[in-house]
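Since the model is a prediction, treat every value here as computed from it, not as a measurement. Every chain is numbered from 1 and lettered A, B, ... according to where its sequence line falls, protein lines coming before strand lines.
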Number of protein chains: 2
Amino acid sequence: MGFTYKYARPALTADCVVFGLDEEDLKVLLIQRDLEPFAGMWALPGGFVAVGEAIETTARRELLEETGLKNVFLEQLHTFSEPDRDPREHVVTVAFYALVNLSEHKVQAATDARNAAWFAIDDIPKLAFDHEKILKVAYERLKGKIRYRPIGFELLPDKFTLSHLQLMYEKILDRELDKRNFRKKILNMEIIEELNEIETDVAHRAARLYRFNKKKYDAKVKEGFDFEL
Amino acid sequence: MGFTYKYARPALTADCVVFGLDEEDLKVLLIQRDLEPFAGMWALPGGFVAVGEAIETTARRELLEETGLKNVFLEQLHTFSEPDRDPREHVVTVAFYALVNLSEHKVQAATDARNAAWFAIDDIPKLAFDHEKILKVAYERLKGKIRYRPIGFELLPDKFTLSHLQLMYEKILDRELDKRNFRKKILNMEIIEELNEIETDVAHRAARLYRFNKKKYDAKVKEGFDFEL
DNA sequence: ACAAAAGTGTTTGTTGTACACCCATGC
DNA sequence: GCATGGGTGTACAACAAACACTTTTGT
(Lines give C-alpha, C1' and ligand atoms only; values in the text may rest on other atoms or scores of the structure.)
Protein backbone atom coordinates (compact mmCIF):
# COMPACT_ATOMS: atom_id res chain seq x y z
CA MET A 1 0.00 0.00 0.00
CA GLY A 2 0.89 3.64 -0.15
CA PHE A 3 0.86 6.50 -2.59
CA THR A 4 3.03 6.50 -5.65
CA TYR A 5 4.14 9.53 -7.67
CA LYS A 6 6.17 9.82 -10.82
CA TYR A 7 8.62 12.23 -9.20
CA ALA A 8 9.88 12.31 -5.63
CA ARG A 9 8.16 14.79 -3.34
CA PRO A 10 9.34 16.44 -0.15
CA ALA A 11 7.11 15.91 2.86
CA LEU A 12 5.11 18.92 4.02
CA THR A 13 4.45 20.04 7.58
CA ALA A 14 3.08 23.02 9.45
CA ASP A 15 4.72 24.33 12.64
CA CYS A 16 3.48 26.97 15.04
CA VAL A 17 5.28 29.45 17.24
CA VAL A 18 2.70 30.27 19.90
CA PHE A 19 3.38 33.42 21.89
CA GLY A 20 1.68 34.15 25.16
CA LEU A 21 2.08 36.90 27.71
CA ASP A 22 1.81 36.73 31.46
CA GLU A 23 2.69 39.15 34.24
CA GLU A 24 6.37 38.40 33.98
CA ASP A 25 7.36 37.50 30.46
CA LEU A 26 6.66 36.87 26.86
CA LYS A 27 6.38 33.10 26.61
CA VAL A 28 6.42 30.43 23.93
CA LEU A 29 4.47 27.19 23.96
CA LEU A 30 6.54 24.06 23.31
CA ILE A 31 5.79 20.37 23.28
CA GLN A 32 8.04 17.54 24.23
CA ARG A 33 8.51 15.08 21.39
CA ASP A 34 7.55 11.46 22.09
CA LEU A 35 8.89 10.04 18.82
CA GLU A 36 12.22 9.90 17.06
CA PRO A 37 13.94 11.86 15.78
CA PHE A 38 14.74 14.11 18.75
CA ALA A 39 12.51 12.08 21.10
CA GLY A 40 12.28 13.76 24.50
CA MET A 41 13.43 17.09 23.13
CA TRP A 42 11.30 20.22 23.10
CA ALA A 43 9.91 21.40 19.78
CA LEU A 44 7.33 23.64 18.19
CA PRO A 45 3.86 22.13 17.92
CA GLY A 46 3.11 21.00 14.38
CA GLY A 47 2.62 18.06 12.09
CA PHE A 48 2.12 16.72 8.61
CA VAL A 49 -0.17 18.30 6.07
CA ALA A 50 -2.92 16.05 4.79
CA VAL A 51 -3.74 16.12 1.11
CA GLY A 52 -6.80 18.28 0.55
CA GLU A 53 -6.10 20.39 3.61
CA ALA A 54 -5.06 24.05 3.46
CA ILE A 55 -1.92 24.46 5.52
CA GLU A 56 -3.48 26.92 7.91
CA THR A 57 -6.01 24.18 8.65
CA THR A 58 -3.17 21.80 9.42
CA ALA A 59 -1.68 24.33 11.77
CA ARG A 60 -4.95 24.84 13.64
CA ARG A 61 -5.64 21.14 13.78
CA GLU A 62 -2.22 20.36 15.22
CA LEU A 63 -2.51 23.18 17.72
CA LEU A 64 -5.78 21.78 18.96
CA GLU A 65 -4.55 18.19 19.06
CA GLU A 66 -1.24 18.93 20.70
CA THR A 67 -2.01 21.85 22.98
CA GLY A 68 -5.78 22.21 23.23
CA LEU A 69 -5.72 25.73 21.81
CA LYS A 70 -8.37 26.95 19.39
CA ASN A 71 -9.69 30.17 17.92
CA VAL A 72 -6.35 31.89 18.21
CA PHE A 73 -4.80 34.59 16.11
CA LEU A 74 -2.67 32.75 13.55
CA GLU A 75 -0.65 34.11 10.68
CA GLN A 76 1.75 32.58 8.21
CA LEU A 77 5.38 33.35 8.91
CA HIS A 78 7.75 31.75 6.42
CA THR A 79 8.41 28.45 4.70
CA PHE A 80 11.58 26.60 5.62
CA SER A 81 12.87 24.16 3.06
CA GLU A 82 16.55 23.40 3.61
CA PRO A 83 16.88 19.75 2.57
CA ASP A 84 18.80 18.80 5.71
CA ARG A 85 16.52 20.43 8.26
CA ASP A 86 15.06 17.01 9.08
CA PRO A 87 17.51 14.12 9.39
CA ARG A 88 15.06 11.59 7.95
CA GLU A 89 14.37 13.13 4.59
CA HIS A 90 13.53 16.40 2.89
CA VAL A 91 10.71 17.94 4.90
CA VAL A 92 9.43 21.38 4.01
CA THR A 93 7.63 23.21 6.78
CA VAL A 94 5.32 26.18 6.60
CA ALA A 95 5.74 28.06 9.86
CA PHE A 96 3.02 30.10 11.52
CA TYR A 97 2.97 32.29 14.55
CA ALA A 98 0.07 32.53 16.94
CA LEU A 99 -0.79 35.02 19.67
CA VAL A 100 -2.84 33.94 22.65
CA ASN A 101 -3.64 35.52 25.93
CA LEU A 102 -2.26 33.43 28.71
CA SER A 103 -4.76 34.42 31.37
CA GLU A 104 -7.57 32.85 29.36
CA HIS A 105 -5.56 29.89 28.08
CA LYS A 106 -3.75 29.17 31.30
CA VAL A 107 -1.17 26.39 31.48
CA GLN A 108 -2.67 24.37 28.69
CA ALA A 109 0.19 22.07 29.70
CA ALA A 110 -0.05 18.30 29.69
CA THR A 111 -2.73 17.36 27.16
CA ASP A 112 -3.02 14.37 24.90
CA ALA A 113 -0.37 12.38 26.74
CA ARG A 114 2.15 14.74 25.26
CA ASN A 115 3.90 17.24 27.47
CA ALA A 116 3.30 20.90 26.68
CA ALA A 117 4.68 23.89 28.56
CA TRP A 118 5.27 27.61 28.34
CA PHE A 119 8.85 28.87 28.29
CA ALA A 120 10.00 32.45 28.78
CA ILE A 121 11.36 33.83 25.52
CA ASP A 122 14.83 34.24 26.93
CA ASP A 123 14.91 30.88 28.61
CA ILE A 124 14.22 28.51 25.74
CA PRO A 125 15.76 25.02 25.88
CA LYS A 126 17.53 23.42 22.96
CA LEU A 127 14.95 22.68 20.31
CA ALA A 128 14.54 19.89 17.77
CA PHE A 129 15.19 20.39 14.05
CA ASP A 130 15.73 24.03 13.02
CA HIS A 131 13.07 25.19 15.42
CA GLU A 132 15.36 27.65 17.13
CA LYS A 133 15.81 29.41 13.85
CA ILE A 134 12.08 29.42 13.21
CA LEU A 135 11.46 30.81 16.67
CA LYS A 136 13.97 33.55 16.08
CA VAL A 137 12.35 34.55 12.80
CA ALA A 138 8.96 34.54 14.50
CA TYR A 139 10.16 36.74 17.34
CA GLU A 140 11.70 39.21 14.92
CA ARG A 141 8.46 39.31 12.98
CA LEU A 142 6.44 39.87 16.12
CA LYS A 143 8.73 42.70 17.23
CA GLY A 144 8.45 44.35 13.85
CA LYS A 145 4.79 43.83 13.17
CA ILE A 146 3.54 44.85 16.56
CA ARG A 147 4.66 48.38 15.87
CA TYR A 148 2.53 48.91 12.81
CA ARG A 149 -0.38 46.51 13.23
CA PRO A 150 -2.69 46.29 16.24
CA ILE A 151 -1.93 42.63 16.86
CA GLY A 152 -0.64 43.11 20.39
CA PHE A 153 -4.19 43.13 21.71
CA GLU A 154 -4.34 39.40 20.92
CA LEU A 155 -1.91 38.85 23.78
CA LEU A 156 -4.13 40.60 26.30
CA PRO A 157 -7.53 39.74 27.71
CA ASP A 158 -10.51 41.41 26.10
CA LYS A 159 -10.54 44.10 28.79
CA PHE A 160 -7.25 45.56 29.89
CA THR A 161 -5.74 48.57 31.60
CA LEU A 162 -3.49 51.04 29.85
CA SER A 163 -0.66 49.90 32.09
CA HIS A 164 -1.07 46.33 30.90
CA LEU A 165 -1.10 47.48 27.32
CA GLN A 166 2.06 49.49 27.85
CA LEU A 167 3.73 46.61 29.66
CA MET A 168 2.94 44.32 26.75
CA TYR A 169 4.72 46.63 24.34
CA GLU A 170 7.65 47.03 26.70
CA LYS A 171 8.03 43.27 27.05
CA ILE A 172 7.98 42.62 23.36
CA LEU A 173 9.95 45.59 22.14
CA ASP A 174 12.33 45.11 25.05
CA ARG A 175 12.57 48.77 25.98
CA GLU A 176 10.80 51.18 28.29
CA LEU A 177 8.15 53.59 27.15
CA ASP A 178 7.13 56.90 28.69
CA LYS A 179 3.79 56.53 30.46
CA ARG A 180 2.32 59.89 29.57
CA ASN A 181 3.43 59.85 25.97
CA PHE A 182 2.23 56.31 25.53
CA ARG A 183 -1.24 57.07 26.87
CA LYS A 184 -1.51 60.24 24.84
CA LYS A 185 -0.59 58.44 21.66
CA ILE A 186 -2.73 55.35 22.05
CA LEU A 187 -5.80 57.30 23.18
CA ASN A 188 -5.47 59.78 20.34
CA MET A 189 -5.74 56.94 17.86
CA GLU A 190 -9.31 56.42 19.04
CA ILE A 191 -9.25 52.70 18.45
CA ILE A 192 -9.59 51.59 22.04
CA GLU A 193 -12.67 52.43 24.03
CA GLU A 194 -12.92 53.40 27.66
CA LEU A 195 -15.22 51.11 29.63
CA ASN A 196 -17.22 51.95 32.72
CA GLU A 197 -15.32 49.35 34.63
CA ILE A 198 -12.22 49.22 36.72
CA GLU A 199 -9.97 46.35 37.61
CA THR A 200 -10.58 44.41 40.80
CA ASP A 201 -8.46 42.63 43.38
CA VAL A 202 -5.50 44.96 43.24
CA ALA A 203 -3.77 46.31 46.32
CA HIS A 204 -3.75 49.90 45.15
CA ARG A 205 -5.91 52.30 43.20
CA ALA A 206 -7.83 50.32 40.56
CA ALA A 207 -7.23 51.30 36.96
CA ARG A 208 -9.85 51.89 34.31
CA LEU A 209 -10.45 49.12 31.79
CA TYR A 210 -10.34 49.56 28.04
CA ARG A 211 -11.21 47.41 25.05
CA PHE A 212 -9.84 47.34 21.51
CA ASN A 213 -12.52 48.40 19.04
CA LYS A 214 -11.78 46.50 15.85
CA LYS A 215 -14.66 48.01 13.92
CA LYS A 216 -13.46 51.50 14.61
CA TYR A 217 -9.96 50.48 13.65
CA ASP A 218 -11.08 48.93 10.35
CA ALA A 219 -13.14 52.00 9.55
CA LYS A 220 -10.20 54.30 10.21
CA VAL A 221 -7.89 52.15 8.11
CA LYS A 222 -10.26 52.53 5.18
CA GLU A 223 -9.90 56.27 5.52
CA GLY A 224 -6.14 56.08 5.42
CA PHE A 225 -5.31 55.68 9.10
CA ASP A 226 -2.05 53.92 9.85
CA PHE A 227 -1.49 52.31 13.23
CA GLU A 228 1.99 53.07 14.39
CA LEU A 229 3.47 52.97 17.82
CA MET B 1 8.50 3.02 -11.41
CA GLY B 2 7.99 6.04 -9.21
CA PHE B 3 8.20 7.06 -5.60
CA THR B 4 5.93 5.57 -2.98
CA TYR B 5 5.04 7.05 0.39
CA LYS B 6 2.95 5.75 3.23
CA TYR B 7 0.76 8.86 3.30
CA ALA B 8 -0.40 10.98 0.38
CA ARG B 9 1.60 14.17 -0.21
CA PRO B 10 0.64 17.40 -1.94
CA ALA B 11 2.89 18.41 -4.81
CA LEU B 12 5.16 21.37 -4.16
CA THR B 13 6.03 24.20 -6.53
CA ALA B 14 7.71 27.60 -6.48
CA ASP B 15 6.27 30.58 -8.38
CA CYS B 16 7.80 33.99 -8.95
CA VAL B 17 6.30 37.41 -9.34
CA VAL B 18 9.00 39.33 -11.19
CA PHE B 19 8.66 43.10 -11.08
CA GLY B 20 10.50 45.38 -13.46
CA LEU B 21 10.39 49.11 -14.04
CA ASP B 22 10.74 51.01 -17.29
CA GLU B 23 10.14 54.65 -18.19
CA GLU B 24 6.39 54.21 -18.27
CA ASP B 25 5.26 51.58 -15.84
CA LEU B 26 5.81 49.00 -13.21
CA LYS B 27 5.75 45.72 -15.10
CA VAL B 28 5.41 42.02 -14.35
CA LEU B 29 7.05 39.19 -16.22
CA LEU B 30 4.70 36.43 -17.35
CA ILE B 31 5.11 33.30 -19.39
CA GLN B 32 2.64 31.66 -21.68
CA ARG B 33 1.88 28.09 -20.69
CA ASP B 34 2.51 25.41 -23.28
CA LEU B 35 0.98 22.54 -21.32
CA GLU B 36 -2.38 21.74 -19.82
CA PRO B 37 -3.95 22.80 -17.61
CA PHE B 38 -4.46 26.38 -18.81
CA ALA B 39 -2.36 25.80 -21.97
CA GLY B 40 -1.91 29.04 -23.86
CA MET B 41 -2.78 31.15 -20.86
CA TRP B 42 -0.38 33.54 -19.16
CA ALA B 43 1.03 32.55 -15.78
CA LEU B 44 3.76 33.31 -13.29
CA PRO B 45 7.07 31.59 -14.00
CA GLY B 46 7.63 28.65 -11.70
CA GLY B 47 7.81 24.90 -11.44
CA PHE B 48 8.08 21.83 -9.29
CA VAL B 49 10.44 21.54 -6.36
CA ALA B 50 12.95 18.72 -6.60
CA VAL B 51 13.67 16.68 -3.50
CA GLY B 52 16.89 17.89 -1.94
CA GLU B 53 16.46 21.38 -3.30
CA ALA B 54 15.76 24.43 -1.13
CA ILE B 55 12.72 26.17 -2.54
CA GLU B 56 14.56 29.39 -3.21
CA THR B 57 16.84 27.32 -5.42
CA THR B 58 13.83 26.00 -7.30
CA ALA B 59 12.62 29.54 -7.81
CA ARG B 60 15.98 30.71 -9.17
CA ARG B 61 16.34 27.65 -11.36
CA GLU B 62 12.91 28.10 -12.89
CA LEU B 63 13.51 31.79 -13.43
CA LEU B 64 16.66 31.03 -15.33
CA GLU B 65 15.12 28.22 -17.37
CA GLU B 66 11.94 30.03 -18.24
CA THR B 67 13.01 33.63 -18.54
CA GLY B 68 16.81 33.74 -18.67
CA LEU B 69 17.01 35.87 -15.53
CA LYS B 70 19.72 35.33 -12.95
CA ASN B 71 21.27 37.07 -9.95
CA VAL B 72 18.12 38.94 -9.15
CA PHE B 73 16.76 40.16 -5.86
CA LEU B 74 14.42 37.40 -4.68
CA GLU B 75 12.45 37.13 -1.49
CA GLN B 76 9.86 34.71 -0.20
CA LEU B 77 6.34 36.06 -0.26
CA HIS B 78 3.77 33.57 0.99
CA THR B 79 2.77 29.94 0.63
CA PHE B 80 -0.54 29.20 -1.07
CA SER B 81 -2.10 25.89 -0.26
CA GLU B 82 -5.82 25.88 -1.04
CA PRO B 83 -6.50 22.31 -2.17
CA ASP B 84 -8.41 23.42 -5.27
CA ARG B 85 -5.95 25.99 -6.55
CA ASP B 86 -4.75 23.48 -9.16
CA PRO B 87 -7.46 21.45 -10.95
CA ARG B 88 -5.27 18.34 -11.22
CA GLU B 89 -4.53 17.71 -7.58
CA HIS B 90 -3.46 19.40 -4.37
CA VAL B 91 -0.45 21.56 -5.28
CA VAL B 92 1.10 23.80 -2.68
CA THR B 93 3.13 26.68 -4.02
CA VAL B 94 5.69 28.83 -2.30
CA ALA B 95 5.52 32.22 -3.96
CA PHE B 96 8.46 34.60 -4.30
CA TYR B 97 8.79 38.09 -5.61
CA ALA B 98 11.76 39.35 -7.56
CA LEU B 99 12.89 42.84 -8.48
CA VAL B 100 14.91 43.43 -11.62
CA ASN B 101 15.90 46.47 -13.51
CA LEU B 102 14.41 46.40 -16.94
CA SER B 103 17.06 48.46 -18.67
CA GLU B 104 19.65 45.81 -17.94
CA HIS B 105 17.36 42.82 -18.43
CA LYS B 106 15.56 44.15 -21.47
CA VAL B 107 12.77 42.14 -23.06
CA GLN B 108 14.00 38.79 -21.92
CA ALA B 109 10.98 37.68 -23.98
CA ALA B 110 10.92 34.52 -26.04
CA THR B 111 13.43 32.10 -24.54
CA ASP B 112 13.35 28.35 -24.31
CA ALA B 113 10.58 28.02 -26.88
CA ARG B 114 8.28 29.40 -24.25
CA ASN B 115 6.82 32.83 -24.66
CA ALA B 116 7.73 35.38 -21.99
CA ALA B 117 6.67 39.02 -21.86
CA TRP B 118 6.41 42.02 -19.60
CA PHE B 119 2.96 43.37 -18.76
CA ALA B 120 2.14 46.69 -17.16
CA ILE B 121 0.83 46.17 -13.64
CA ASP B 122 -2.55 47.60 -14.50
CA ASP B 123 -2.89 45.75 -17.75
CA ILE B 124 -2.49 42.13 -16.70
CA PRO B 125 -4.31 39.44 -18.70
CA LYS B 126 -6.30 36.66 -17.08
CA LEU B 127 -3.87 34.36 -15.38
CA ALA B 128 -3.76 30.61 -14.82
CA PHE B 129 -4.46 29.01 -11.42
CA ASP B 130 -4.72 31.50 -8.55
CA HIS B 131 -1.88 33.57 -9.97
CA GLU B 132 -3.90 36.76 -9.98
CA LYS B 133 -4.29 36.44 -6.23
CA ILE B 134 -0.57 35.76 -5.82
CA LEU B 135 0.26 38.77 -7.95
CA LYS B 136 -2.03 40.94 -5.86
CA VAL B 137 -0.41 39.81 -2.64
CA ALA B 138 3.02 40.44 -4.14
CA TYR B 139 2.09 43.94 -5.26
CA GLU B 140 0.73 44.79 -1.83
CA ARG B 141 3.91 43.51 -0.25
CA LEU B 142 6.05 45.53 -2.61
CA LYS B 143 4.06 48.69 -1.91
CA GLY B 144 4.41 48.15 1.80
CA LYS B 145 7.99 47.02 1.97
CA ILE B 146 9.43 49.63 -0.34
CA ARG B 147 8.60 52.27 2.23
CA TYR B 148 10.72 50.81 4.99
CA ARG B 149 13.42 48.80 3.24
CA PRO B 150 15.75 50.09 0.53
CA ILE B 151 14.66 47.47 -1.99
CA GLY B 152 13.50 49.94 -4.61
CA PHE B 153 17.08 50.37 -5.81
CA GLU B 154 16.86 46.85 -7.22
CA LEU B 155 14.46 48.17 -9.82
CA LEU B 156 16.88 50.83 -11.03
CA PRO B 157 20.22 50.60 -12.79
CA ASP B 158 23.30 50.84 -10.64
CA LYS B 159 23.62 54.54 -11.37
CA PHE B 160 20.50 56.63 -11.37
CA THR B 161 19.32 60.20 -11.07
CA LEU B 162 17.27 61.48 -8.17
CA SER B 163 14.40 62.01 -10.55
CA HIS B 164 14.46 58.38 -11.57
CA LEU B 165 14.51 57.35 -7.96
CA GLN B 166 11.58 59.58 -7.18
CA LEU B 167 9.68 58.37 -10.23
CA MET B 168 10.19 54.79 -9.11
CA TYR B 169 8.58 55.51 -5.75
CA GLU B 170 5.76 57.42 -7.39
CA LYS B 171 5.02 54.56 -9.78
CA ILE B 172 4.93 51.94 -7.06
CA LEU B 173 3.22 53.89 -4.33
CA ASP B 174 0.88 55.32 -6.94
CA ARG B 175 1.00 58.88 -5.68
CA GLU B 176 3.02 62.01 -6.32
CA LEU B 177 5.88 63.12 -4.12
CA ASP B 178 7.23 66.62 -3.60
CA LYS B 179 10.53 66.99 -5.40
CA ARG B 180 12.32 69.15 -2.84
CA ASN B 181 11.12 67.21 0.17
CA PHE B 182 11.98 63.93 -1.49
CA ARG B 183 15.54 65.00 -2.28
CA LYS B 184 16.05 66.47 1.16
CA LYS B 185 14.89 63.29 2.83
CA ILE B 186 16.75 60.79 0.72
CA LEU B 187 20.01 62.75 0.78
CA ASN B 188 19.83 63.26 4.54
CA MET B 189 19.81 59.50 4.98
CA GLU B 190 23.34 59.43 3.62
CA ILE B 191 22.91 56.04 2.04
CA ILE B 192 23.23 57.09 -1.58
CA GLU B 193 26.41 58.61 -2.87
CA GLU B 194 26.80 61.40 -5.35
CA LEU B 195 28.93 60.40 -8.35
CA ASN B 196 31.08 62.62 -10.51
CA GLU B 197 28.99 61.68 -13.48
CA ILE B 198 25.93 63.00 -15.20
CA GLU B 199 23.45 61.31 -17.45
CA THR B 200 23.92 61.42 -21.22
CA ASP B 201 21.67 61.55 -24.26
CA VAL B 202 18.96 63.65 -22.74
CA ALA B 203 17.41 66.61 -24.52
CA HIS B 204 17.78 68.94 -21.57
CA ARG B 205 20.11 69.68 -18.71
CA ALA B 206 21.76 66.42 -17.68
CA ALA B 207 21.15 65.28 -14.11
CA ARG B 208 23.76 64.09 -11.64
CA LEU B 209 24.06 60.35 -11.10
CA TYR B 210 23.91 58.64 -7.70
CA ARG B 211 24.51 55.16 -6.44
CA PHE B 212 23.07 53.24 -3.49
CA ASN B 213 25.79 52.51 -0.94
CA LYS B 214 24.80 49.24 0.68
CA LYS B 215 27.79 49.16 3.02
CA LYS B 216 26.91 52.54 4.43
CA TYR B 217 23.32 51.46 4.77
CA ASP B 218 24.23 48.26 6.62
CA ALA B 219 26.54 50.17 8.92
CA LYS B 220 23.84 52.71 9.74
CA VAL B 221 21.29 49.95 10.37
CA LYS B 222 23.63 48.44 12.94
CA GLU B 223 23.62 51.75 14.76
CA GLY B 224 19.85 51.85 14.85
CA PHE B 225 19.08 53.63 11.60
CA ASP B 226 15.69 52.89 10.10
CA PHE B 227 15.06 53.49 6.42
CA GLU B 228 11.68 55.07 5.97
CA LEU B 229 10.26 57.03 3.15
C1' DA C 1 -0.34 56.75 57.53
C1' DC C 2 1.95 54.43 54.18
C1' DA C 3 2.72 51.77 50.01
C1' DA C 4 1.57 51.15 45.30
C1' DA C 5 0.25 52.28 41.11
C1' DA C 6 -3.18 55.61 38.51
C1' DG C 7 -3.69 59.55 36.27
C1' DT C 8 -2.58 64.03 34.25
C1' DG C 9 0.07 68.96 30.79
C1' DT C 10 3.53 71.70 29.25
C1' DT C 11 7.74 72.82 27.06
C1' DT C 12 11.19 71.99 23.66
C1' DG C 13 13.15 69.94 19.77
C1' DT C 14 12.59 67.43 15.53
C1' DT C 15 10.44 66.20 11.47
C1' DG C 16 7.01 66.75 7.76
C1' DT C 17 4.66 69.68 4.49
C1' DA C 18 3.64 73.22 1.37
C1' DC C 19 5.26 76.03 -1.93
C1' DA C 20 7.95 78.92 -6.77
C1' DC C 21 11.72 80.36 -9.18
C1' DC C 22 16.23 80.38 -11.65
C1' DC C 23 19.58 77.32 -14.14
C1' DA C 24 21.80 74.48 -17.64
C1' DT C 25 21.47 72.09 -21.83
C1' DG C 26 19.97 70.43 -26.44
C1' DC C 27 17.56 71.54 -30.35
C1' DG D 1 15.48 81.66 -27.89
C1' DC D 2 12.66 78.22 -26.35
C1' DA D 3 11.40 73.88 -24.33
C1' DT D 4 12.62 70.55 -20.94
C1' DG D 5 13.64 68.98 -16.82
C1' DG D 6 17.49 70.02 -12.92
C1' DG D 7 18.32 72.00 -8.88
C1' DT D 8 17.54 74.80 -4.64
C1' DG D 9 15.44 77.17 0.75
C1' DT D 10 12.21 78.85 3.97
C1' DA D 11 8.16 79.26 6.94
C1' DC D 12 4.61 76.85 9.45
C1' DA D 13 2.38 72.91 11.41
C1' DA D 14 2.43 68.52 13.41
C1' DC D 15 4.46 65.21 16.11
C1' DA D 16 7.90 63.15 19.39
C1' DA D 17 10.41 63.41 23.68
C1' DA D 18 11.48 64.77 28.18
C1' DC D 19 9.91 65.42 32.53
C1' DA D 20 7.23 65.35 38.28
C1' DC D 21 3.60 65.67 41.07
C1' DT D 22 -1.19 64.70 42.93
C1' DT D 23 -4.89 61.20 43.48
C1' DT D 24 -7.01 56.99 44.82
C1' DT D 25 -7.30 52.75 47.09
C1' DG D 26 -6.01 48.74 50.04
C1' DT D 27 -3.65 47.23 53.96
Side-chain angles (χ1 to χ4, degrees), chain A residues 21-24 103 146-148 156-157 159-171 173-211 220 223-229, chain B residues 21-24 103 146-148 156-157 159-171 173-211 220 223-229:
Chain A
L21 192 76
D22 68 9
E23 306 295 312
E24 282 82 40
S103 54
I146 210 161
R147 277 173 43 197
Y148 65 93
L156 298 178
K159 300 169 180 183
F160 50 82
T161 69
L162 291 183
S163 293
H164 284 146
L165 187 62
Q166 181 178 342
L167 211 64
M168 182 268 290
Y169 282 108
E170 290 180 333
K171 287 269 159 62
L173 299 176
D174 208 17
R175 68 187 156 97
E176 302 209 326
L177 301 172
D178 179 90
K179 183 160 67 158
R180 279 176 290 190
N181 293 337
F182 176 79
R183 291 160 105 92
K184 207 187 308 168
K185 185 150 188 184
I186 207 89
L187 290 175
N188 275 350
M189 290 184 190
E190 295 182 298
I191 58 171
I192 67 173
E193 53 183 340
E194 186 174 322
L195 301 176
N196 283 324
E197 282 178 75
I198 54 171
E199 57 179 346
T200 52
D201 302 319
V202 285
H204 52 81
R205 173 174 177 183
R208 164 151 266 118
L209 293 173
Y210 291 80
R211 186 198 287 147
K220 295 196 76 165
E223 286 158 17
F225 170 78
D226 247 3
F227 180 91
E228 204 182 325
L229 199 81
Chain B
L21 193 73
D22 68 9
E23 306 296 312
E24 284 83 39
S103 54
I146 211 163
R147 277 174 44 196
Y148 65 95
L156 298 177
K159 300 169 181 180
F160 50 82
T161 69
L162 292 184
S163 294
H164 284 148
L165 187 62
Q166 181 179 341
L167 211 63
M168 182 268 291
Y169 282 108
E170 291 181 331
K171 287 268 159 63
L173 298 177
D174 207 17
R175 67 186 158 100
E176 302 209 326
L177 302 173
D178 179 272
K179 183 161 69 158
R180 279 175 290 190
N181 293 337
F182 176 80
R183 290 159 106 94
K184 207 189 306 169
K185 184 148 190 188
I186 207 89
L187 290 174
N188 273 351
M189 290 183 190
E190 293 180 301
I191 59 171
I192 68 174
E193 54 183 340
E194 184 175 324
L195 301 176
N196 282 323
E197 281 178 75
I198 54 172
E199 56 180 346
T200 51
D201 302 321
V202 285
H204 53 80
R205 174 173 177 184
R208 165 151 266 120
L209 291 173
Y210 292 80
R211 187 196 287 147
K220 295 197 76 166
E223 286 158 18
F225 170 77
D226 247 2
F227 180 90
E228 203 183 325
L229 198 80

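Looking only at distances, no side-chain donor or acceptor of A:R208 sits under 3.5 Å from a matching main-chain atom of A:T161. Of the possible polar contacts, one joining the A:K171 side chain to the A:E24 backbone as a donor-acceptor pair under 3.5 Å is found. The main-chain N or O of B:L177 is found under 3.5 Å from a side-chain atom of B:E170 such that the two form a donor-acceptor pair. A donor-acceptor pair is defined here as one N or O able to donate and one able to accept, closer than 3.5 Å; such a pair exists between the side chain of B:K220 and the backbone of B:M189. The backbone N or O of A:I192 lies less than 3.5 Å from no partner atom in the side chain of A:R211, so there is not a single donor-acceptor pair.
A:R205 meets the salt bridge (Lys or Arg N to Asp or Glu O under 4.0 Å) test with no other residue; sequence neighbours excluded.
Summarising the geometry, the separation between CG on A:D201 and C1' on D:dT27 is reported as 14 Å, rounded to the nearest angstrom. Taking atom CD of residue B:E199 and atom P of nucleotide D:dT4, one finds them 16 Å apart after rounding to whole Å. Rounded to a whole Å, the CZ atom of B:R208 is 14 Å from the C1' atom of D:dT8.
On the nucleic acid side, DNA chain C has its first and last nucleotide under 4.0 Å of a heavy atom of chain B at C:dG16 to C:dG26, going 5' to 3'.
Across all strands, A:S163 comes closer than 4.0 Å only to sugar-phosphate atoms, never to a base (heavy-atom distances).
Not a single donor-acceptor pair, N or O on each side, falls under 3.5 Å between the base of D:dT4 and the side chain of B:R205.
When each of A:I186, A:L187, A:L165 is tested with A:Y210 by the rule side chain to side chain contact (heavy atoms under 4.5 Å, CB included), just one qualifies, namely A:L187.
For the segment residues 178-194 of chain B, the set of residues with a heavy atom within less than 4.0 Å of an atom of DNA chain D comprises B:K179, B:R180, B:R183, B:K184, in numerical order.
When each of A:V202 and B:A207 is assigned the nucleotide of DNA chain D bearing its nearest heavy atom, the one mapping closer to the 5' terminus is B:A207.
Between B:L156 and B:M168, the closest side-chain pair of non-hydrogen atoms falls below 4.5 Å.
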